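All of these numbers come straight from a predicted model, not from anything done at the bench.
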Amino acid sequence: MKLTGREKSSLILEGVVTVILLLLLNMAVIVIIQDAIQSNPGVTNGIFMIKQSLRVGPLQAQIWSYQRILIAFLVIIDIWVVWWRLRRRYHLYQMNHIIAELHYIAQGHLDHRIPFRLKGNQQHVITSVNALVDSAVRSMDDERKIEKSKDELITNVSHDLRTPLTSIIGYLGLIEDKQYRSEEDILKYTHTAYEKAKQMKTLVDDLFEYTKVQQHGAPVNIMKIDLNQLIEQLTASFELEAQHRGIEITSSVIPNPLMIEADPEKLGRVFNNLVSNAFKYGNGASYIRIDARQEREMVVVKVANDGTPIPAESLEHLFERFYRAEASRSRATGGTGLGLAIVKSIIDLHHGSVRVTSNEDETAFIVTLPLKQDKEKNNQK
């Protein structure tokens with residue numbers, strides 16, 4: 001930290017004044033001591049005898065004047081006092097600079113940080129202040145993102161609910177106004193309204209599930225389950241749909257049984273969403289494979305298909321809520337854009353991770369979970 005010209009002048013002036021005062025004090029002390037010694041013959045004789053008997057150094061030099069010792073002692077004290085006062089004043093200037101920087105930041109300049117480095121406790125203060133400002137800025141950014149996220153959530157939900165709701169009102173309005181020519185038209189209108197109502201229900205159910213797993217302190221019913229049984233039940237539930245689409249669905253778990261601590265309902269929802277996602281968007285797929293294997297203290301589950309690959313630019317956004325790699329196709333298949341966001345939220349509750357890879361040969365969602373859950377972490381959530 002550099003001192004200003006005014007501060008340097010003040011520091012020099014204080015040093016000069018301190019030296020002058022100390023010199024005057026030293027002279028007064030010397031005069032008083034000399035006067036006391038000269039007025040007392042016994043002390044004078046004692047000092048003379050000490051000087052005669054005292055030898056210093058390898059050459060056994062004799063000390064001829066006690067005044068020199070006294071002056072040297074006073075000079076050492078003077079140097080220490082001057083150094084202490086100047087250092088104290090310098091630290092005061094440092095603290096004034098820190099306070100000035102704090103006032104500047106407090107005025108709303110949150111992009112500013114205290115730029116200089118000091119030694120000792122002052123540097124700890126600077127580091128703490130800069131860290132505190134960084135933390136405050138991050139908190140403000142996070143709050144803005146949360147507010148923006150809430151606004152986007154409301155906008156997306158409103159849009160996705162309005163589209164089927166408009167169709168429902170439109171077709172039921174035609175029936176209400178008797179704008180039909182036959183019973184076949186009525187059945188057509190009611191069927192369309194029914195399908196749109198189911199689409200709305202799917203969105204509401206997914207939205208409810210997403211908000212439930214996103215809540216702080218979301219309950220997780222951890223128990224020991226056999227992952228092989230869970231995956232076999234899941235595979236069996238999709239067999240008819242797989243046969244209807246001409247897709248082979250298989251599973252493999254190593255070792256068998258593979259015991260894992262997890263919430264069976266939530267974990268079942270994860271793999272159900274991933275398999276459903278493969279059916280909906282894996283156009284042209286001939287297989288869907290679910291492979292699980294134990295790797296030390298972790299379990300890796302891969303849900304893969306050989307359908308149409310996901311565009312590279314969409315891979316990093318897939319787990320964002322309401323994101324659709326192909327919006328028109330997703331709406332046509334009834335996708336809400338929440339399925340993969342729910343997957344990631346549930347995996348986060350289990351302290352795991354999920355990622356996706358996709359190329360011309362295969363698209364795979366890879367879930368990594370710990371074999372055992374930390375109960376303290378789950379309670380903190």
Next on the checklist: Between V129 and L132, is there shared hydrophobic-cluster membership here, with clusters defined by ILVMFWY side-chain heavy atoms closer than 4.5 Å?
Outcome noted: no
Next on the checklist: According to side-chain contact (heavy atoms from CB on, under 4.5 Å), who are the partners of I20, at least two apart in sequence or on a separate chain?
Outcome noted: V16, L24
Item to check | salt bridge (Lys or Arg N to Asp or Glu O under 4.0 Å) between E14 and R89, worked out | outcome: CA-CA 9 Å; E14 181 167 352; R89 178 65 64 177; 2.6 Å; yes
Checklist outcome for this item: In short, side chain to side chain donor-acceptor pair (under 3.5 Å) pairs touching residues 165-174 with sequence neighbours left out are none
Checklist entry - With sequence neighbours left out, what residues match E295 under side chain to side chain donor-acceptor pair (under 3.5 Å)? => result R293
Checklist entry - Got a donor-acceptor contact below 3.5 angstrom from the S135 side chain to the A131 backbone? => result no
Item to check | V299/T368 under side-chain contact (heavy atoms from CB on, under 4.5 Å): CA gap, chis, key distance, verdict | outcome: CA-CA 6 Å; V299 173; T368 304; over 6 Å; no
Checklist entry - Is there a donor-acceptor pair closer than 3.5 Å between any side-chain N or O of D306 and the backbone N or O of A285? => result no
Checklist entry - If you look at every heavy atom in A292 and I231, which pair is closest and at what distance? => result CB-CD1, 4.0 Å
Contacts table for residues 246-256: side-chain donor-acceptor under 3.5 angstrom, sequence neighbours left out:
| unit_1 | atom_1 | unit_2 | atom_2 | d |
| --- | --- | --- | --- | --- |
| N256 | OD1 | N228 | ND2 | 3.0 |

Checklist entry - With a 4.5 Å heavy-atom cut-off, do D141 and V137 have their side chains touching? => result yes
Checklist entry - So, Q373 side chain and H350 main chain: donor-acceptor pair closer than 3.5 Å or not? => result yes
Checklist entry - Run the side-chain contact (heavy atoms from CB on, under 4.5 Å) check on I186 and L174 step by step: do they pass? => result CA-CA 9 Å; I186 296 176; L174 291 176; over 6 Å; no
Next on the checklist: Run the side-chain contact (heavy atoms from CB on, under 4.5 Å) test against D134 and tell me which residues pass, sequence neighbours left out.
Outcome noted: R113, R138
Checklist entry - Are any of the side-chain nitrogens in R245 or E241 under 4.0 Å away from the carboxylate oxygens of its partner? => result yes
Next on the checklist: Quick check with a 6.0 Å cut-off and a 45 degree axis cone: is R289 positioned over the face of Y287's six-membered ring?
Outcome noted: yes
Checklist entry - Which other residues end up in the same hydrophobic cluster as M259, if Ile, Leu, Val, Met, Phe, Trp and Tyr are linked when side-chain heavy atoms come under 4.5 Å apart? => result none
Checklist entry - Same cluster or not: are L349 and M223 linked, directly or through other Ile, Leu, Val, Met, Phe, Trp or Tyr residues, by side-chain heavy atoms under 4.5 angstrom apart? => result yes
Item to check | D226 side-chain N/O to L258 backbone N/O, donor-acceptor pair under 3.5 Å | outcome: yes
Checklist entry - Where do S358 and I310 come nearest, in terms of heavy atoms and distance? => result OG-N, 2.8 Å
Next on the checklist: Within the 3.5 Å criterion, strictly below it, is a donor on T363 or N305 matched to an acceptor on the partner's side chain?
Outcome noted: no
Checklist entry - Does any pair with a residue in residues 91-110 pass salt bridge (Lys or Arg N to Asp or Glu O under 4.0 Å), and if so which ones, sequence neighbours excluded? => result none
Next on the checklist: Would you say that F271 contacts L230 through its side chain, given a criterion of any heavy-atom pair below 4.5 Å between the two side chains?
Outcome noted: yes
Checklist outcome for this item: Between the CE atom in M200 and the CG atom in D205, the distance rounded to the nearest 0.5 Å is 11.5 Å
Checklist entry - Got a sec, which residues hit ring pair (Phe, Tyr, Trp, His ring centres under 6.0 Å) with Y104, two or more places apart in sequence or on another chain? => result H109, H112
Checklist entry - With a 4.5 Å heavy-atom cut-off, do I77 and L22 have their side chains touching? => result no
Checklist entry - What pair of heavy atoms forms the shortest contact from I225 to P264, and how long is it? => result CG2-CB, 4.0 Å
Next on the checklist: Contact between L340 and N273 at the side-chain level, heavy atoms closer than 4.5 Å - yes or no?
Outcome noted: no
Next on the checklist: Any heavy-atom pair between the side chains of V354 and D348 that's under 4.5 Å?
Outcome noted: no
Checklist outcome for this item: From the list L274, I346, L267, V303, side chain to side chain contact (heavy atoms under 4.5 Å, CB included) with V367 holds only for L274
Item to check | For the student: nearest non-hydrogen atoms of S10 and Y93, plus distance | outcome: OG-OH, 2.8 Å
Next on the checklist: Run the side-chain contact (heavy atoms from CB on, under 4.5 Å) test on Q199 and T163 for me, step by step, so that the C-alpha distance in whole Å, both residues' side-chain angles and the decisive distance to 0.1 Å come before the verdict.
Outcome noted: CA-CA 10 Å; Q199 185 178 337; T163 302; 6.0 Å; no
Next on the checklist: Can you confirm whether F319 sits close enough to S345 that some side-chain heavy atom of one is under 4.5 Å from a side-chain heavy atom of the other?
Outcome noted: no
Checklist entry - In terms of hydrophobic clusters joined by side-chain contacts under 4.5 Å, are L23 and V81 together? => result yes
Checklist entry - What is the distance from atom NZ of K344 to atom CG of L318, rounded to the nearest 0.5 Å? => result 12.5 Å
Checklist entry - So E297 and K372, salt bridge (Lys or Arg N to Asp or Glu O under 4.0 Å) or not? Walk me through it. => result CA-CA 8 Å; E297 299 301 316; K372 296 182 178 181; over 6 Å; no
Checklist entry - Any side-chain heavy atom of L371 within less than 4.5 Å of one from E261? => result no
Checklist entry - Heavy-atom distance under 4.5 Å between the side chains of N277 and F365, does that happen here? => result yes
Checklist entry - What pairs with M140 under side-chain contact (heavy atoms from CB on, under 4.5 Å), at least two apart in sequence or on another chain? => result L110, R144
Item to check | Output field: ring centroids Y180/Y189 closer than 6.0 Å | outcome: no
Checklist outcome for this item: Contacts of T127 meeting side-chain contact (heavy atoms from CB on, under 4.5 Å) (sequence neighbours excluded), chain-then-number -> Q123
Next on the checklist: Does the plane of the ring in Y194 sit parallel, tilted or perpendicular to the ring in H191? Use 30° and 60° as the thresholds.
Outcome noted: tilted
Next on the checklist: Between I99 and M95, does the side-chain contact (heavy atoms from CB on, under 4.5 Å) criterion hold? Intermediate values first, please.
Outcome noted: CA-CA 6 Å; I99 293 172; M95 191 57 65; 4.1 Å; yes
Checklist entry - If you group Ile, Leu, Val, Met, Phe, Trp and Tyr whenever their side-chain heavy atoms sit less than 4.5 Å apart, what else falls in with I366? => result V300
Item to check | side chain to side chain donor-acceptor pair (under 3.5 Å) partners for D78, two or more places apart | outcome: N26
Item to check | Heavy-atom pair of closest approach, residues I288 and A278 | outcome: CD1-CB, 3.8 Å
